[in-house]
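These notes are about the structure you will find just below.
For ligands, and for the atoms within them, numbers begin at 1 and follow the listed sequence.
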Amino acid sequence: MALVDSKQMFKKAFEGKYAIGAFNINNMEIVQGILRGAAACNSAVILQTSKSALNYAGPGCLHAMVKAILDETGVDAALHLDHGPDLETVKVCIENGFTSVMFDGSHFEYEENVKKTKEVVEYAHAHGVVVEAELGKLEGVEDEVKVEAGQGSYTDPDQAIDFVTRTGVDSLAVAIGTSHGAYKFKGDAKLDFERLETISEKLEKAGFDKYPIVLHGASGVDPAVIDLCNKYGGQIKGAKGIPAEMLRKAASMAVCKINMDTDIRLAMTAGIRQSFAEKPEAFDPRGYLGVARTMVQELVESKIRNVLGSVDSMK
Ligand code: G3H
Ligand code: 13P
Ligand code: ZN
């Protein structure tokens, strides 16, 4: 029942061939939904906030809320900065009690990414905080950055070894075919598992034992949830996510952290739309936000049981 970093979580996840879910937060109902879902599965979890979520809710508020709800639910969780754009944002998060940060320099030239990531690692490690970085470019919309279809690039395995060696980063987000947002694939879903295996093997050979790999852009985009949104007035067309079996396969390999945000947004939106449609006379926010919170809790439970495999990981 504590705010912890992800080191131990990842070690156990690698050895147990499962992954820890990393879910994006920006308000009380999302934090409660995630932590109640994790508690029901006795699972560790990562709560993460983007820069725009920090702007929306405030780092101090997010930290205090997480701390209070952790005490109530008895879950072990890391509080993580997602897609940190610069050292300044990293510093703000560390000052506000975050236990893990990501610096995302994937849109910079390689040497620039190495240099900036190294600076963040030095600062964060001096403050006892772990760091995730990214190499390769995912397609889709993430925070304030949009990478157009066809402009992404997969992670180069040799470069990954060089990057981890030179930066000292604690975990690495790779690009192997996932993408951010609700519109991930035009045709069939495809992930480059061979590349993932090669990266992991090379890391092992280079002396990085059980090195944790991170998968961003991993929402499943459940067609039933899209149908529910659209049934009650939504207009979400052509959305497609990553099939659960692909994520399970990745989790059984070196992937120890799987990021999902879009699925939470969709679940909440579906619940709120249905609630508005079925109770047009109601106007107490606790009604529809309560429904949305339950949708998040059910989603997280289902991800932990059917996709991540992290049930009982708090033992
Ligand atoms: O990968 C990015 C996350 O989905 C966060 O998005 O900046 O809109 O909170 P956001
Ligand atoms: P999705 O858009 O697939 O939920 O990915 C979220 C993510 O990677 C946050 O960093
Ligand atoms: Zn991401």
Side-chain angles (χ1 to χ4, degrees), residues 6 19-27 29-31 33-34 45-59 61-62 78-86 89 93 98 100-107 131-147 149 152 155 171-185 189 191 212-223 225-226 229 236 238-244 246-247 250-251 255-270 295-296 299-300 302-303 307-308:
S6 46
I20 301 292
F23 300 98
N24 288 68
I25 60 166
N26 51 56
N27 70 17
E29 285 75 13
I30 299 177
V31 178
I34 295 168
V45 74
I46 296 171
L47 303 168
Q48 57 185 15
T49 71
S50 63
K51 173 83 193 263
S52 52
L54 290 173
N55 291 345
Y56 178 77
C61 170
L62 287 165
L79 180 56
H80 173 77
L81 166 65
D82 187 31
H83 295 286
D86 46 40
T89 310
C93 287
F98 282 47
S100 172
V101 291
M102 176 190 192
F103 171 70
D104 182 0
S106 60
H107 49 286
V131 182
E132 172 189 329
E134 181 167 325
L135 193 61
K137 243 186 233 155
L138 266 70
E139 290 178 3
V141 184
E142 78 193 27
D143 215 346
E144 283 134 13
V145 179
K146 182 174 193 312
V147 180
T155 306
S171 60
L172 185 69
V174 297
I176 58 163
T178 59
S179 78
H180 289 101
Y183 306 93
K184 299 190 193 298
F185 299 101
L191 297 190
I213 301 292
V214 178
L215 219 50
H216 282 245
S219 276
V221 189
D222 183 353
V225 176
I226 300 289
C229 284
I236 303 170
K240 203 185 261 184
I242 316 283
M246 289 192 181
L247 296 174
V255 170
C256 296
K257 173 175 180 268
I258 294 187
N259 285 14
M260 287 166 276
D261 182 16
T262 298
D263 281 342
I264 289 189
R265 297 176 183 204
L266 290 170
M268 293 183 86
T269 303
M295 296 290 273
V296 174
L299 172 81
V300 168
S302 159
K303 293 288 183 188
V307 178
L308 300 157

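Near His83, meaning under 4.0 Å from any of its heavy atoms, are these atoms of ligand 2: 10 (O). Counting atoms of ligand 2 from 1 in the listed order, those under 4.0 Å from a heavy atom of Gly217 are 1 (P), 3 (O), 5 (O), 7 (C), 8 (O). Close contacts between ligand 2 and Lys184 involve ligand atoms 1 (P), 2 (O), 3 (O) [criterion: under 4.0 Å to a heavy atom]. Against a heavy-atom cut-off of under 4.0 Å, His180 is close to the following atoms of ligand 1: 1 (O). Shown in contact with His216 at under 4.0 Å from a heavy atom are these atoms of ligand 2, numbered in order with element: 8 (O), 10 (O). Remark: ligand 2 atoms within the under-4.0 Å shell around heavy atoms of His180 are 2 (O), 5 (O), 6 (C), 7 (C), 8 (O), 10 (O). Interface of His83 with ligand 1, defined as ligand atoms under 4.0 Å from a residue heavy atom, comprises 1 (O), 2 (C). Those atoms of ligand 1 with a heavy atom of Asp261 less than 4.0 angstrom away are 3 (C), 4 (O), 5 (C), 6 (O). Near Ser52, the atoms of ligand 1 lying under 4.0 angstrom from a non-hydrogen atom of the residue are 7 (O), 8 (O), 9 (O), 10 (P). Proximity to Met260 (heavy-atom distance under 4.0 Å) selects the following atoms of ligand 2: 4 (O). Atoms of ligand 1 found under 4.0 Å from any heavy atom of Asn24, numbered from 1 in the order shown, are 3 (C), 5 (C). The atoms of ligand 2 that sit less than 4.0 Å from any heavy atom of Asn24 are 9 (C).
Shown here are the side-chain contact (heavy atoms from CB on, under 4.5 Å) partners of Ala250, two or more places apart in sequence or in another chain: Phe193, Leu196, Leu215, Val255. Evaluation of the side-chain contact (heavy atoms from CB on, under 4.5 Å) rule for Ser171 yields Phe10, Glu132, Pro212, Val214 as partners, not counting sequence neighbours.
Heavy atoms of Arg265 stay at 4.0 angstrom or farther from ligand 2. Residue contact check for ligand 1: Arg265 places a non-hydrogen atom closer than 4.0 Å to it.
For the 3.5 Å distance criterion, the side chains of Asn55 and Ser52 fail to qualify, holding no donor opposite an acceptor.
Side-chain atoms of Ser50 do not come within 3.5 Å of backbone N or O of Asp82 as any donor-acceptor pair. Within the 3.5 Å criterion, the main-chain N or O of His216 finds a donor-acceptor partner in the side chain of Thr178. A side-chain donor-acceptor contact under 3.5 Å links Thr155 to the backbone of Leu135. When atom types are taken as modelled, the side chain of Asp104 and the backbone of Gly84 share no donor-acceptor pair closer than 3.5 angstrom. Side chain of Asp263 to main chain of Gly220: a donor-acceptor pair is present (N/O by atom type, distance under 3.5 Å, no hydrogens or angles).
Met102 places a side-chain heavy atom less than 4.5 Å from the side chain of His83. Ile25 is listed as a side-chain neighbour of Leu79, based on a closest heavy-atom distance under 4.5 Å.
No part of Ala182 comes within 4.0 Å of ligand 2, judged by heavy-atom distances. Contacts between Thr262 and ligand 1, counted as non-hydrogen atom pairs separated by less than 4.0 Å, are absent for every part of the residue. Contacts with ligand 2 closer than 4.0 Å are made by side-chain heavy atoms of Asp82 only, the backbone lying farther away.
Of all the N, O or S atoms in His216, the one closest to the Zn ion (ligand 3) is ND1.
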* Asked: So Ile264 and Leu299, side chain to side chain contact (heavy atoms under 4.5 Å, CB included) or not? Walk me through it.
  -> CA-CA 7 Å; Ile264 289 189; Leu299 172 81; 3.7 Å; yes
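Considering backbone and side-chain atoms alike, Thr262 places an N or O below 3.5 Å from some N or O of ligand 2.
In this structure, Phe98 and Leu81 approach most closely via the heavy-atom pair CD2-N, 3.7 Å.
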